[in-house]
Amino acid sequence: HFNGVRNLVDCIDKSKIKGFVQIGSSDEYGNNSAPQSETQREAPISPYSCAKVASTYFLQPLYKTEKFPAVILRPFLWYGPGQGEERFIPQVIKGCMNNQKFPTSKGEQLRDFCFIDDFVQAIFLALNNDNAYGEVINIASGKPISIRKVINNIQNIIGSGCPEFGKVDYRNNENMELVANILKANKILG
């Protein structure tokens with residue numbers, strides 16, 4: 001991921017670029033306490049999140065030294081049409097629609113979901129926005145919801161499905177509260 005970002009920056013005609021949006025990740029926060037804020041030091045816990053942090057650390061100084069118009073948007077758990085079936089919400093929907101038993105964790109984790117259309121809107125609001133350049137901005141709802149409640153909501157809407165809570169262990173080093181502070185997004189992007 002980092003090499004891809006670096007190659008893009010090297011290939012771009014910097015005299016013509018108007019804006020560059022780096023799609024970061026809430027995983028960059030690692031196990032930082034909630035709500036996660038852009039002022040917290042990153043604490044990557046996987047190669048994926050480490051590459052995202054490296055890209056952030058590359059682009060921010062590039063803005064400071066060369067005024068390269070980069071903004072880093074950190075989405076929190078996006079969902080919506082076209083999402084791969086291996087992702088959390090599509091898996092739950094499929095299990096419920098097929099009225100299957102499906103294993104889940106206890107569901108105590110708190111998460112902050114962001115509908116894909118809202119994230120796309122954030123991208124457009126960040127482009128050509130001088131106040132966004134050089135910044136890291138969380139993109140999320142700012143509202144925590146437990147994984148168990150998400151599953152129960154989907155089950156209630158569909159009217160079927162049999163989640164087996166507690167059948168899946170939590171991941172090693174899983175952050176139990178991944179919830180965004182969105183004050184900066186509200187201020188810069190409106």
Side-chain angles (χ1 to χ4, degrees), residues 1-2 4 21-38 40 42-56 72-123 126 136-182 184-185 189:
H1 182 86
F2 171 73
V21 177
Q22 162 65 12
I23 309 301
S25 170
S26 58
D27 283 350
E28 292 180 64
Y29 291 114
N31 281 317
N32 278 327
S33 59
Q36 285 77 23
S37 170
E38 298 90 347
Q40 289 174 315
E42 292 83 357
I45 56 174
S46 69
Y48 168 80
S49 58
C50 188
K52 292 289 190 173
V53 169
S55 298
T56 296
I72 297 92
L73 299 181
R74 281 194 185 144
F76 279 63
L77 297 161
W78 53 27
Y79 69 96
Q83 188 172 29
E85 286 188 18
E86 75 284 356
R87 306 300 295 178
F88 169 65
I89 289 178
Q91 280 183 359
V92 174
I93 292 170
K94 185 177 179 182
C96 289
M97 288 182 71
N98 293 330
N99 200 23
Q100 297 173 326
K101 288 183 179 180
F102 54 93
T104 73
S105 70
K106 290 180 185 176
E108 300 164 318
Q109 314 94 308
L110 292 179
R111 295 294 183 258
D112 189 340
F113 290 90
C114 181
F115 188 61
I116 188 63
D117 291 355
D118 296 329
F119 184 71
V120 170
Q121 183 181 9
I123 292 171
V136 172
I137 304 172
N138 290 337
I139 306 298
S141 70
K143 299 173 185 167
I145 185 170
S146 74
I147 292 294
R148 179 181 282 264
K149 184 165 173 94
V150 171
I151 294 169
N152 287 336
N153 286 349
I154 293 169
Q155 184 183 23
N156 290 336
I157 290 167
I158 293 174
S160 63
C162 304
E164 297 180 304
F165 292 105
K167 293 277 187 175
V168 175
D169 292 333
Y170 294 123
R171 292 175 290 164
N172 286 340
N173 296 319
E174 183 166 4
N175 189 333
M176 295 299 286
E177 295 184 16
L178 194 55
V179 179
N181 175 322
I182 59 170
K184 192 173 187 181
L189 304 178

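Computed from a predicted structure; not experimentally measured. Heavy-atom basis, side chains included; hydrogens, waters and symmetry copies ignored.
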[atom1]/[X] to [atom2]/[Y] distance, rounded to the nearest 0.5 angstrom?
X: Ser146; Y: Asn153; atom1: OG; atom2: CG; value: 8.5 Å
X: Leu77; Y: Ile145; atom1: CG; atom2: CD1; value: 11.5 Å
X: Tyr29; Y: Gln40; atom1: OH; atom2: CD; value: 6.5 Å
X: Trp78; Y: Cys114; atom1: CH2; atom2: SG; value: 8.5 Å
X: Ile45; Y: Arg171; atom1: CD1; atom2: CZ; value: 7.5 Å
X: Phe2; Y: Cys50; atom1: CZ; atom2: SG; value: 10.5 Å

So, for [X] and [Y], which heavy atoms are closest and what is the spacing to 0.1 Å?
X: Pro81; Y: Ile116; value: CD-CG2, 4.0 Å
X: Asn181; Y: Pro35; value: N-CB, 3.9 Å
X: Lys167; Y: Pro103; value: CB-CB, 3.6 Å
X: Ala180; Y: Asp112; value: N-OD2, 3.0 Å

Q) Does the side chain to side chain contact (heavy atoms under 4.5 Å, CB included) test come out yes or no for Asn152 and Phe165, once each step is laid out? A) CA-CA 11 Å; Asn152 287 336; Phe165 292 105; 3.7 Å; yes

Would you find a donor on one side and an acceptor on the other, under 3.5 Å apart, between the side chain of [X] and the backbone of [Y]?
X: Ser160; Y: Cys96; value: yes
X: Glu38; Y: Arg74; value: no
X: Asn138; Y: Lys184; value: no
X: Asn99; Y: Gly161; value: yes

Determine whether [X] and [Y] make a side-chain contact, defined as any pair of heavy atoms from C-beta on separated by less than 4.5 Å.
X: Asn175; Y: Gln36; answer: yes
X: Pro163; Y: Gln155; answer: yes
X: Asp27; Y: Tyr48; answer: yes
X: Pro44; Y: Lys52; answer: no
X: Ile23; Y: Phe119; answer: yes
X: Phe88; Y: Thr104; answer: no
X: Tyr170; Y: Met176; answer: yes
X: Gln91; Y: Phe102; answer: no

Q: Go through Val92 and Val150 one step at a time and tell me if the side chain to side chain contact (heavy atoms under 4.5 Å, CB included) criterion holds.
A: CA-CA 9 Å; Val92 174; Val150 171; over 6 Å; no

Q: Quick one: list whatever passes side-chain hydrogen bond (donor to acceptor under 3.5 Å, both in side chains) with Gln109, sequence neighbours left out.
A: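 By the side-chain hydrogen bond (donor to acceptor under 3.5 Å, both in side chains) rule, Gln109 matches Ser105, Glu174.
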
Q | Glu85 CD: over 12 foreign heavy atoms closer than 6.0 Å | A |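 12 or below, so no.
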
Q.
Would you say the rings of Phe76 and Phe113 are close, in the sense that their centroids are separated by under 6.0 Å?
A.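 No: the rings miss the under 6.0 Å criterion.
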
Q: Using the side chain to side chain donor-acceptor pair (under 3.5 Å) rule, take Glu42 and Thr56 through it: C-alpha gap first, then chi angles, then the decisive distance, then the call.
A: CA-CA 10 Å; Glu42 292 83 357; Thr56 296; 5.5 Å; no

